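Following: one structure in structure tokens, then a few remarks.
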Amino acid sequence: MLDRADYTLSDFLLFSARVYYRTLELHNAALWPLHVLALVAGACIVLCLLRPTLLGMRFSYALLAVAWLFVAWTFFLDRYATINWAAAYLAPAIGAQGLLLGIMAIKLKATNLTYSGNARRTLAIGLVVFSLIGYPLLAFAFGRPWHAAELFGIAPDPTATATLAVLALGRGILAVLAAIVPVVWIIITSLTLHTLGAVDFFVPALLALASAVAAYAQSRARNIISDPASR
Amino acid sequence: MKIDRRRMLKTALATAALAPLATLRTQASTPRLATRKVASINEHIPVIGLGSWITFNVGSDPRLLNESAAVIAAFLAGGGRVIDSSPMYGSSQATIGYALRKLGNPPAVFSADKVWTSQSDGSSQIAQSQDRWGVRRFDLLQVHNLLNWREHLDTLRGMKAAGQLRSIGITTSHGSRHRLLEEIMAREPIDFIQVTYNIADREVEQRILPLAREKGISVIVNRPFRRGALIKELESKPLPNWVSETGATSWAQFLLKFVISHPVVTCAIPATTRVDHVKENLAAGAGFLPEESLRTRMAEYVRRL
């Protein structure tokens, strides 16, 4: 019955589920009512995806850049680091992700974007909408206090899943590079949530997988950005 | 019977004279927390201490800080003294410091912390730990998980010689690196070791504990419940019908009594976030402690479950 006590993932986790969700509660309480601004930013991204223009997509990347920089500073450095010393080492990578998205916002060309069919575009938009609206509702769905709900631009998980969905409509080396940090973070958070016993630990990974499907299902794609300046 | 003033006075005086005896009888019937001697500092410490891995890593949350302070208050009120932490445990040190300041820095605390850095000089980390605890001097500093043990033992020996530290030790957990631990115990003058020992993980009984006895090294035990996994595994199963012989009234006490009844163990450090659990743990350290034959029965019973 009682096997040898080898190390397990839980031995590397510094905090309990109780503390993790309280940290999210305190994070939300400290930042309220910036959540409204974050939702507006997310809605702008969705609108840009619905009626794509080069300027609109640049604006979307710029909003994502701000979101990542904000999460790096307020969540990783200020909040998460109080219970997880590793967060202070992750913060520079999160911040670098913001800078990279900012560079993409400046350098984006029409040839960097692709829509490989309405179904995949709809999937990507759907994933962004879920990250904005569905993700916070997970707290209700799984019996957690609503104060611990995770919002795009405020908490890292929905910020990562929304970013991957937008990147799924991109092409080129920068889009690939910009996917690395969100993917790594989703792996880390999935393992963390699983170790904490969260029933919905699989959600970030599932959303990331869906973004991968949107990005790579069809290699032949047409550029349908309607911006004369990009030609 | 006629009650007169003389009879009333006589009765009142007799009652007052007997009252201390009633108090003594109450005290005698409440078992005290057992203690074990730490040879190197000629001091007795209680056999139940308080760990802080995970449980006190609560960040800056006022609610959880106060809950942790309540646990520490109950621990100290129940006769506990040894509190163990480490810089590796997130904000646990700061939580302990918060609690101790709130409780007026009780002098009875036996502060046990660790040095945990790959840098060869651990003195700045130690200073930071002291600051977080709010203590001028640790009772015990341990090299955490043998990391950079040569350099850090040198630092700790220097501090002890200068009166900046009362005792030094070295830790490991999960049954790892026991061979190296043995070598260090054999060669280096240390006061404490901290090892994993519980009813399921008994490897230290073979060589480590006998060596500790031989060298006069005190032993702190971590993971007496395997971080709760043992209790979770056993709580749905019945205690043995002879459990009253052990003095335990729950699985937690059964497991703790097994650990602390080993004659070489000085102190076990279960961690908890609950006041009722800390009281339950302290109660395990009071009263009867099983002898060798009963310990064997306890281990065999659990092995067969």
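Just so it is clear: chains get the letters A, B, ... in the order the sequence lines come, proteins before strands, and each one is counted from 1. What you see is a predicted model, and the numbers here were worked out from it, not measured in a lab. The analysis underlying the following values was restricted to heavy atoms, covering all of them including side chains, and did not include hydrogens, waters or symmetry mates.
Contact of B:Thr55 with chain A is made through the backbone alone, with heavy-atom distances under 4.5 Å. If you measure heavy-atom distances from A:Leu26 to chain B, the contacts under 4.5 Å come from the side chain alone. Of the atoms belonging to A:Thr23, not a single heavy atom falls under 4.5 Å from chain B.
Note on B:Glu182 versus B:Arg179: no salt bridge recorded, every NZ/NE/NH1/NH2 to OD/OE distance being 4.0 Å or above. For B:Arg63 and B:Asp61, the salt-bridge test fails: no basic side-chain N is under 4.0 Å from an acidic carboxylate O. Between B:Asp201 and B:Arg223 no salt bridge is recorded (no basic side-chain N to carboxylate O distance below 4.0 Å).
Contacts of B:Arg295 classified as salt bridge (Lys or Arg N to Asp or Glu O under 4.0 Å), with partners at least two apart in sequence or in another chain: B:Glu292.
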